[in-house]
Amino acid sequence: MDRGVAVVTGASSGIGAATARRLGAAGYRVVLGARRLDRLADVARSIGPAASFARLDVADPSSVAAFCDAVPECRLLVNNAGGALGAESVAEADEAKWINMYESNVLGTLRMTKALLPKLEASGDGHIVTLGSVAAFETYVGGAGYNAAKHATRALMEVLRLELLGKPVRVSEIDPGMVETEFSIVRFGGDEQKAAAVYNGMTPLSADDVAECIEFVVTRPSHVDIDQLVIRPRDQARVGLVHRQLPGTEQ
Ligand code: NAP
């Protein structure tokens, strides 16, 4: 079954890579974008002939334009590229990290959506799926920069849903809790020990857990629009409230 062309941003790692694999297996022709070409090539190889890839930096308008111009048609856009940088308090906020997070999570999503919207509409059955986060509606200490960016992404998607009413394009926001990917390694500047400690004593979601939900969202009939899907690990009740089973405390 040919389900059409799906563009996945941030497909070189984590949720994006897992989603690209799931979509390829579900019958989409997938176009993968991210900055690390070697990693994209590995993911594309694991999918097979249904996959192609190109360099994409969603923070760079000319990179977005070149990437999207080369996509001849598009039925599904997965705005996944993004992430968090640092966990400084507001008092210690690092503006460069805030700008970087706003560029990738918010403006990157805006640029990709704007560039591909005509093709999504022309497909007669388009779908935009954007990775938000529980951080898009729950705040936490040290989260201000990421919270602000994901709250903004959420507002962007809500407005888009209003503006596309009557057009053949669905809009879905996927809001995961803790997912073990390269997210925390990137957030803590490559400090793998600090990143691993985030998941200490608890079972996070895997990238494929989220990808499976995305596959479900995009394979519903065209008249069914899953507006928002919140997915949390059983061990996480809220963004800052996590149950941890530490060694020696097993029951
Ligand atoms: P990840 O493993 O670090 O993957 C992030 C992906 O985004 C990478 O493929 C990276 O590729 C890409 N990316 C970052 N900046 C980019 C840019 N400027 N241009 C193009 N690609 C860019 O993290 P992940 O957990 O899979 O995160 C995917 C999405 O899920 C993000 O939007 C994140 O905020 C969201 N999310 C994650 C979690 C979690 O706990 N992990 C929870 C909720 C939401 P390159 O570096 O190769 O460009």
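These numbers come from the heavy atoms of this one structure, side chains and all, not from hydrogens, waters or symmetry mates. Counting from 1, the numbers follow the sequence of the chain as shown. Counting starts at 1 for both ligands and their atoms, in listed order. Not measured: the values here are computed from a predicted model.
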Novice: Return the option from G83, A135, G82 holding the heavy atom at the smallest distance from atom 5 (C) of ligand 1.
Specialist: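 The option holding the nearest heavy atom is G82.
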
Novice: With a 4.0 Å cut-off, would you call D225 and R161 a salt bridge?
Specialist: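 The answer is yes: the pair qualifies as a salt bridge.
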
Novice: Which atoms of ligand 1 have any heavy atom of M178 under 4.0 Å away?
Specialist: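 Those qualifying, in numeric order: 40 (O).
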
Novice: So is A207 touching ligand 1 or not, going by heavy atoms under 4.0 Å?
Specialist: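 Outside the 4.0 Å threshold, so no.
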
Novice: Mind checking whether Q228 and F137 have side chains closer than 4.5 Å, heavy atoms only?
Specialist: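 Yes, close enough: below the 4.5 Å cut-off.
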
Novice: Any nitrogen or oxygen of E182 lying under 3.5 Å from a nitrogen or oxygen in ligand 1? Just yes or no.
Specialist: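 There is such a contact, yes.
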
Novice: Does a side chain donor of either S222 or D125 reach within less than 3.5 Å of an acceptor in the other side chain?
Specialist: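 Looking only at side-chain atoms, D125 and S222 do form a donor-acceptor pair, the distance falling under 3.5 Å.
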
Novice: Of all the non-hydrogen atoms in the protein, which one sits nearest to atom 19 (N) of ligand 1, and at what distance?
Specialist: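 Minimum-distance protein heavy atom for atom 19 (N) of ligand 1 reads V58 N, 3.0 Å.
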
Novice: Could you identify the single nearest non-hydrogen protein atom to atom 43 (C) of ligand 1 and state the distance to 0.1 Å?
Specialist: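 Heavy-atom neighbour on the protein nearest atom 43 (C) of ligand 1: P176 O, 3.3 Å.
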
Novice: Write out the residue and atom name of the closest protein heavy atom to atom 14 (C) of ligand 1, then the distance separating them to 0.1 Å.
Specialist: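 Looking at atom 14 (C) of ligand 1, the protein heavy atom closest to it is R35 NH2, 3.3 Å.
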
Novice: I want to check a possible cation-pi pair here: R244 against Y199, using under 6.0 Å from ring centre and within 45° of the ring axis as the test.
Specialist: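 Geometry flag: not set, cation outside 6.0 Å or 45°.
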
Novice: As a check for students: among N80, I15, T9, L131, identify the option with a heavy atom nearest to atom 31 (C) of ligand 1.
Specialist: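 Ranked by closest heavy atom to atom 31 (C) of ligand 1, first place is N80.
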
Novice: Please examine the side chains of E73 and K119, heavy atoms only from C-beta on, and report whether any two atoms are closer than 4.5 Å.
Specialist: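 K119 vs E73: side chains apart.
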
Novice: Counting heavy atoms only, name the option from A17, S12, S13, A136 that's nearest to atom 10 (C) of ligand 1.
Specialist: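 The option holding the nearest heavy atom is S12.
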
Novice: Closest by any non-hydrogen atom to atom 22 (C) of ligand 1: pick that one out of A81, G108, P204.
Specialist: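 The nearest heavy atom belongs to A81.
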
Novice: Restricting to ring pair (Phe, Tyr, Trp, His ring centres under 6.0 Å), what partner residues turn up for F67, sequence neighbours left out?
Specialist: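 Expected list: none.
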
Novice: Among all protein non-hydrogen atoms, which one is nearest to atom 42 (C) of ligand 1, and what is the separation to 0.1 Å?
Specialist: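 Protein heavy atom at minimum distance: G177 O, 3.1 Å.
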
Novice: Below 4.0 Å, non-hydrogen atoms only: which portion of E180 touches ligand 1? Side chain, backbone, both or neither.
Specialist: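 Contact part for E180 vs ligand 1: neither.
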
Novice: Counting each atom of ligand 1 from 1 as listed, which ones have a heavy atom of Y146 under 4.0 Å away?
Specialist: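 Atoms satisfying the 4.0 Å criterion: 33 (C), 34 (O), 35 (C), 36 (N), 44 (C).
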
Novice: Any N or O of A34 that comes nearer than 3.5 Å to an N or O of ligand 1?
Specialist: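 Min N/O separation from ligand 1 is not below 3.5 Å for A34.
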
Novice: So between G132, G14, G33, whose heavy atom ends up nearest atom 35 (C) of ligand 1?
Specialist: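 Residue with the shortest heavy-atom distance to the ligand atom: G132.
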
Novice: If you measure from CZ on R75 to CG on L77, what distance do you get to the nearest 0.5 Å?
Specialist: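 Rounded to the nearest 0.5 Å, the CZ-CG separation comes to 13.5 Å.
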
Novice: Is the closest side-chain donor-acceptor distance between T113 and N79 under 3.5 Å?
Specialist: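 Note: T113 and N79 side chains meet the donor-acceptor criterion.
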
Novice: Can you tell me which portion of L205 lies within the under-4.0 Å heavy-atom range of ligand 1? Options are side chain, backbone, both, or neither.
Specialist: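 Near ligand 1, L205 shows nothing, with every heavy atom at 4.0 Å or more.
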
Novice: May I ask you to identify the nearest protein heavy atom to atom 23 (O) of ligand 1, giving residue, atom name and distance to one decimal place in Å?
Specialist: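 Heavy-atom neighbour on the protein nearest atom 23 (O) of ligand 1: T181 OG1, 3.3 Å.
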
Novice: State the atoms of ligand 1, each with its element, that fall below the 4.0 Å cut-off from a heavy-atom position in G10.
Specialist: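 Going through ligand 1 atom by atom, the ones under 4.0 Å from G10 are 6 (C), 7 (O), 8 (C), 9 (O), 12 (C).
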
Novice: Using the rule given for ring pair (Phe, Tyr, Trp, His ring centres under 6.0 Å), can you reason through Y102 versus Y146, listing the C-alpha separation, both sets of side-chain angles and the distance that settles it, and then say yes or no?
Specialist: CA-CA 8 Å; Y102 202 84; Y146 186 55; over 10 Å; no

Novice: Who passes side-chain hydrogen bond (donor to acceptor under 3.5 Å, both in side chains) against E180, sequence neighbours left out?
Specialist: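 Listed in chain order: nothing, the list is empty.
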
Novice: Distance to 0.1 Å, residue and atom name: give those for the protein heavy atom nearest to atom 37 (C) of ligand 1.
Specialist: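 For atom 37 (C) of ligand 1, the nearest protein heavy atom is F183 CD1, 3.8 Å.
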
Novice: Give the atoms of ligand 1, by number and element, whose distance to some non-hydrogen atom of L56 is under 4.0 Å.
Specialist: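 Those qualifying, in numeric order: 19 (N), 20 (C).
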
Novice: Carefully, step by step, assess K150 and E173 under the rule salt bridge (Lys or Arg N to Asp or Glu O under 4.0 Å).
Specialist: CA-CA 11 Å; K150 288 299 193 189; E173 178 185 332; over 6 Å; no

Novice: Which residue owns the protein heavy atom closest to atom 18 (N) of ligand 1, what's the atom, and how far is it?
Specialist: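 Residue, atom and distance for the closest contact: D57 OD1, 2.9 Å.
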
Novice: For the SG atom of C74 and the CE atom of M112, what is their distance to the nearest 0.5 Å?
Specialist: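 Nearest 0.5 Å value for the SG-CE distance: 8.0 Å.
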
Novice: Heavy-atom distances under 4.0 Å decide this one: backbone, side chain, both or neither, for R36 against ligand 1?
Specialist: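 It is both backbone and side chain that touch ligand 1.
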
Novice: For atom 40 (O) of ligand 1, grab the closest protein heavy atom and report residue, atom and distance to one decimal in Å.
Specialist: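 Protein heavy atom at minimum distance: V179 N, 2.9 Å.
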
Novice: Mind checking the CG-OG1 spacing from L107 to T109? Nearest 0.5 Å is all I need.
Specialist: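 Here the interatomic distance stands at 9.0 Å.
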
Novice: Taking atom CD as the centre, does E158 end up with more than 12 heavy-atom neighbours from other residues, nucleotides or ligands that are less than 6.0 angstrom away?
Specialist: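 Correct, the count exceeds 12.
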
